[in-house]
Amino acid sequence: MDKLKAKTIRVLFASSEAEPFYKIGGLGDYSGSLPNALAALSMNNGLKIDIRVVLPLHDPSTIDAFSLSEEFSISFDSRSGTVTGTIYSTLYNGITYYFIRQIKPKSLSTNVYDSSNNTNAFKFAFFSTACIKMLSHLDWQPDILHANDWHSALMIHQINHLQIMGDSGKIIRTVLAIHNMPFMGYGSEKILQDFMINPTSTDSIPEWAQHLPLPMGIASADKIVAVSPTYAEELKTHYFAYGLENYFIENSEKLTGIINGIDTKQWDPSTDKLILQNYSLNSIRQKNKNKFALLNDLGLDTNTDRPLLIVISRLENQKGIDLLLDALTSITHLNWNAIILGSGHHGYEHAFQALEREQPNKIRAFIEYNATLARKLYSSGDMILMPSLYEPCGLSQMIAMRYGCVPIAHAVGGLKDSIITKPERKRTGFLFDNPTTSDFITCIETALNIYQNKDQWKTIQMNGMKTDLSWSRSARKYAVIYNELLSK
């Protein structure tokens, strides 16, 4: 409380997606939850956060679906002609949301992200530029701009370049959250030239990156927040920073990490309406009813003493799918069942389908996105496998722990920060250090051995379920950063 002085801080939160309006991945969860947690924080201590959110209007059907009101039009010049847009707004859960719709010179796909780099570059360069224009029409001005990933990083660059003033009469201070470093906005160079947006000129950013939105935002941001403390440290290495590691090393004072949370009301096994049997810390053995029913439905052995391994993941290289396939193939002689849910690379999809055919008494593979089935898996599974090669934060391990499903994961990013392995009495999961099949298998075997001790396993489950995974702690840390930036 000592760092939270009694005052109001106005924050404009910019993102490419936010639940419930648009959600593709973890950024949608983050942007749908953190603003609510920050707004709630203002009611519980001396610091008030007046937060508003701005999003692209990806799909015109959003206007009717969420009763958006048209506010005003904006326009700006580009080398290829005048670009125009319309600003809409709505009040949702007590928070004002702005939506920016591009009108001319061309209409874009209604998808949040397009397969074309050029289409994405135009959409988000327009979004960033239009957002800056929008500020001049509002009777509300932010003290802080909180941008996320490359899609809104250009706003930070432009605020810094144009020296845009906030409500306090000072230049708007900026925070850039990094969720996924590899995506820097490739293909934006020509669009930025057309929009007359100058590249960053700092020598600390390599020349190849000076025309890319994410590095431009990184160079201009007052504070950079990686979505976990370990990911912040990983960004100082080439493997995770993709050539920008020297910048993070030289500017380590403005880099920090704050782990994400989950919506603990949405993810609650005691109230979840999509699972067969609700349960809580005091009735965790009721979880076995979900396990029995699911195994029975899928034609697998219904012996609930047999451990059930689950996988809920995009089937992409980043998620360590090669490790997963190798490990499952190598431990078929052990006693377990496994259910895989996910979609992605066709080669991986076919590999899991082949694995099910080879092991029909042990494995089921669902090649799809299925939110209802995912909840059934969390509420039935004993262990969730997450061998990600990199994982800036990760949410599945947190949801799993909330449901008493123990994570087995590679010790990277937010997986390392959210899963406790020592001391043993506080263990919430299992981690392996090296991304090799042998280390992953050893970790799985350790978990399978401990699983045989029901009391010890129950303690691990309960430790995970008791862990504070809510957004409230994370929100407080962001509020401290906002306050510190304005105090300088």
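Keep in mind that the numbers below use all heavy atoms, side chains included, and drop hydrogens, waters and symmetry copies.
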If we ignore angles and hydrogens, is there a donor and acceptor under 3.5 Å between the side chains of [X] and [Y]?
X	Y	result
Thr230	Ser228	no
Asp322	Tyr348	yes
Glu349	His346	yes
Gln461	Lys458	no
Ser280	Ser270	no
Ser418	Gln397	yes
Thr436	Asn434	no

- d(Asn260 CG, His179 NE2) to nearest 0.5 Å is 7.0 Å
- Query: Is the NZ atom of Lys223 crowded by more than 12 outside heavy atoms at less than 6.0 Å?
  - Reply: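 Correct, the count exceeds 12.
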- Message: For Lys422, I'd like to know if atom NZ has over 12 heavy atoms of other residues, nucleotides or ligands within 6.0 Å.
- Response: no
Kindly give the heavy-atom pair with the smallest separation between [X] and [Y], and that separation in Å.
X	Y	result
Leu176	Ala153	CD1-CB, 4.1 Å
Leu323	Pro435	CD2-O, 3.7 Å
Val11	Pro142	C-CB, 4.5 Å
Gly404	Lys287	O-CE, 3.6 Å

- Using the side-chain contact (heavy atoms from CB on, under 4.5 Å) rule, pick out the option among Met155, His151, His58 that qualifies with Phe127.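 Looking at Met155, His151, His58, the match for Phe127 under the side-chain contact (heavy atoms from CB on, under 4.5 Å) is Met155.
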- Message: Among Leu377, Leu308, Ile310, which residue satisfies the side-chain contact (heavy atoms from CB on, under 4.5 Å) criterion with Cys405?
- Response: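 With Cys405 as partner, Leu377, Leu308, Ile310 yield a single side-chain contact (heavy atoms from CB on, under 4.5 Å), made by Ile310.
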- Worked verdict on Trp208 versus Tyr186 for ring-ring contact (aromatic ring centres under 6.0 Å, His included): CA-CA 11 Å; Trp208 62 264; Tyr186 295 104; 7.1 Å; no
In terms of the angle between their ring planes, are [X] and [Y] parallel, tilted or perpendicular, with boundaries placed at 30° and 60°?
X	Y	value
His146	Tyr478	tilted
Phe124	Tyr113	tilted
Tyr97	Phe21	tilted
Phe430	Trp457	parallel

- Query: Is the centre of the Tyr30 ring less than 6.0 Å from the centre of the Trp471 ring?
  - Reply: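 Distance test on ring centres: under 6.0 Å, yes.
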Do [X] and [Y] come close enough that some side-chain heavy atom pair is under 4.5 Å?
X	Y	answer
Phe366	Ile340	no
Leu57	Thr62	yes
Lys376	Asn290	no

- Message: salt bridge (charged side-chain N to carboxylate O under 4.0 Å, His left out), that's the test. Do Asp301 and Lys362 meet it? Break it down for me.
- Response: CA-CA 8 Å; Asp301 183 354; Lys362 296 180 81 76; over 6 Å; no
